[in-house]
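Take a look at the structure below.
Note on naming: letters A, B, ... go to the chains in the order of the sequence lines (proteins, then strands), and numbering restarts at 1 for each one.
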Amino acid sequence: MPQNLNKTTIDFFEMVYAVVRLIPRGRVTSYGAVANSIGTKGTSRMVGWAMNASHTARPKVPAHRVVNRNGMLTGKHHFGNNNEMQMLLEKEGIKVAEDKVVEFKKLFWNPLIEIKIK
DNA sequence: CGATTGACGTACG
DNA sequence: TCGTACGCCAATC
């Protein structure tokens, strides 16, 4: 993420979206990790809030790649169907069982690693 | 403008 | 391991 992404010039939501769009296909991350990556540590709940409005964002944000710390698909109800989120993940090769990402620890993508370069 | 609310996270028992 | 409690902070009511 470019360094011009600060909350004074760019909306908090846009920062969240920018990070989420960086998530590679077939990988997932957590709300807290996204919050840390944009500098606003401890605003993990706001990341979820941003995702709530993500369906109005353009281009669309791959919100299905963002899950909670346990790898659970807590936001699945915010998609069209209850299975929509899981379907999208499985379509990318991510296995989901019991509303949880299988091998979440292994598929976890840390935004800080990608953004630290800047 | 104070109270409420969350697609969270951590601490504690 | 599981459920409850609380902190977090911006948006909304």
Side-chain angles (χ1 to χ4, degrees):
Chain A
M1 162 153 111
Q3 59 272 44
N4 62 342
L5 286 172
N6 46 15
K7 60 172 65 173
T8 60
T9 58
I10 301 186
D11 290 328
F12 177 84
F13 284 13
E14 291 300 326
M15 294 170 64
V16 175
Y17 299 157
V19 174
V20 175
R21 292 197 194 98
L22 292 178
I23 303 174
R25 181 181 172 281
R27 303 292 296 280
V28 293
T29 190
S30 68
Y31 298 94
V34 174
N36 288 331
S37 65
I38 64 179
T40 58
K41 189 176 182 180
T43 62
S44 54
R45 307 182 81 152
M46 287 299 95
V47 176
W49 192 269
M51 292 299 102
N52 186 34
S54 65
H55 58 282
T56 64
R58 299 295 183 279
K60 199 173 188 301
V61 178
H64 58 281
R65 294 181 188 148
V66 184
V67 296
N68 71 354
R69 189 78 181 135
N70 299 317
M72 187 162 31
L73 280 59
T74 52
K76 63 182 298 186
H77 288 299
H78 289 262
F79 287 77
N81 285 330
N82 284 1
N83 290 1
E84 184 74 18
M85 189 173 186
Q86 178 173 341
M87 274 173 45
L88 290 171
L89 289 172
E90 290 180 343
K91 198 171 184 177
E92 298 183 355
I94 302 174
K95 293 182 175 63
V96 178
E98 300 292 326
D99 292 346
K100 299 188 304 293
V101 175
V102 181
E103 305 281 357
F104 168 71
K105 190 175 180 182
K106 181 177 160 185
L107 296 174
F108 180 77
W109 177 81
N110 192 339
L112 294 172
I113 296 180
E114 296 295 329
I115 296 169
K116 67 176 183 181
I117 311 296
K118 279 196 286 238

When all nucleic acid strands are considered with a 4.0 Å heavy-atom cut-off, which category describes A:Ala63: base, sugar-phosphate, or nothing?
base
Go through the steps for A:Val66 and A:Ile23 under the test side-chain contact (heavy atoms from CB on, under 4.5 Å), then give the verdict.
CA-CA 9 Å; A:Val66 184; A:Ile23 303 174; 3.8 Å; yes
Starting at CE of A:Met15 and ending at P of C:dC9, how long is that distance when rounded to a whole Å?
15 Å
Mapping A:Met46 and A:Ala33 onto DNA chain B by nearest heavy atom, which one lands closer to the 5' end?
A:Met46
I'd like to know if A:Arg27 pairs up with A:Glu92 as an ion pair, taking the criterion as any Lys NZ or Arg NE/NH1/NH2 lying under 4.0 Å from an Asp or Glu carboxylate oxygen.
no
Short of 4.0 Å, heavy atom to strand atom, which residues of residues 87-109 of chain A count as contacting DNA chain B?
none
Minimum heavy-atom separation for A:Asn52 to A:His55, with atom names?
O-CE1, 2.8 Å
Of the listed B:dT10, C:dA11, B:dA7, the closest approach to the A:Met51 side chain comes from B:dA7
B:dA7, B:dT10, C:dT12: which one has an atom nearest the side-chain heavy atoms of A:Trp49?
C:dT12
Whole-Å distance, A:Asn70 CG to B:dA7 P, equals 16 Å
Heavy atoms only, 4.0 Å cut-off, all strands: where does A:Ser54 land among base, sugar-phosphate and nothing?
base
Counting only non-hydrogen atoms, which of residues 75-85 of chain A are less than 4.0 Å from DNA chain B?
A:Gly75, A:His78, A:Phe79
A:Leu73 and A:Lys100: side-chain contact (heavy atoms from CB on, under 4.5 Å), yes or no, with the steps?
CA-CA 6 Å; A:Leu73 280 59; A:Lys100 299 188 304 293; 5.7 Å; no
A:Asp99 vs A:Lys76, side-chain contact (heavy atoms from CB on, under 4.5 Å): CA-CA, chis, key distance, verdict
CA-CA 8 Å; A:Asp99 292 346; A:Lys76 63 182 298 186; 2.8 Å; yes
Below the 4.0 Å mark, does B:dC8 have OP1 or OP2 next to a side-chain nitrogen or oxygen of A:Thr74?
yes
Could you state the CG-C1' distance from A:Asn36 to B:dT10, rounded to the nearest angstrom?
13 Å
Expressed in angstrom and rounded to an integer, what is the separation of A:Phe12 atom CZ from C:dC8 atom C1'?
11 Å
Could one point to a donor on the side chain of A:Arg45 or the base of C:dC9 with an acceptor on the other under 3.5 Å away?
no
From CG of A:Asn68 across to P of B:dA7 the rounded distance in Å is 12 Å
Does the side chain of A:Tyr17 come within less than 4.5 Å of A:Met51's, by heavy atoms?
yes
Could you tell me which non-hydrogen atom of A:Trp109 sits nearest to which non-hydrogen atom of A:Val19, and how far apart they are?
CZ3-O, 4.2 Å
Which whole-number value in Å describes the distance from A:Met72 CE to B:dG6 P?
17 Å
With side chains defined as the heavy atoms from C-beta onward, is the minimum distance between A:Phe12 and A:Ile38 less than 4.5 Å?
yes
What is the separation between atom CZ on A:Phe13 and atom P on C:dC9, rounded to the nearest whole Å?
16 Å
Can you check side-chain contact (heavy atoms from CB on, under 4.5 Å) on A:Trp49 and A:Thr43, steps first, answer last?
CA-CA 10 Å; A:Trp49 192 269; A:Thr43 62; over 6 Å; no
Parallel, tilted or perpendicular, as decided by the 30° and 60° cut-offs, for the rings of A:Phe104 and A:Phe108
perpendicular
What's the OH-C1' distance between A:Tyr31 and B:dT10, to the nearest Å?
17 Å
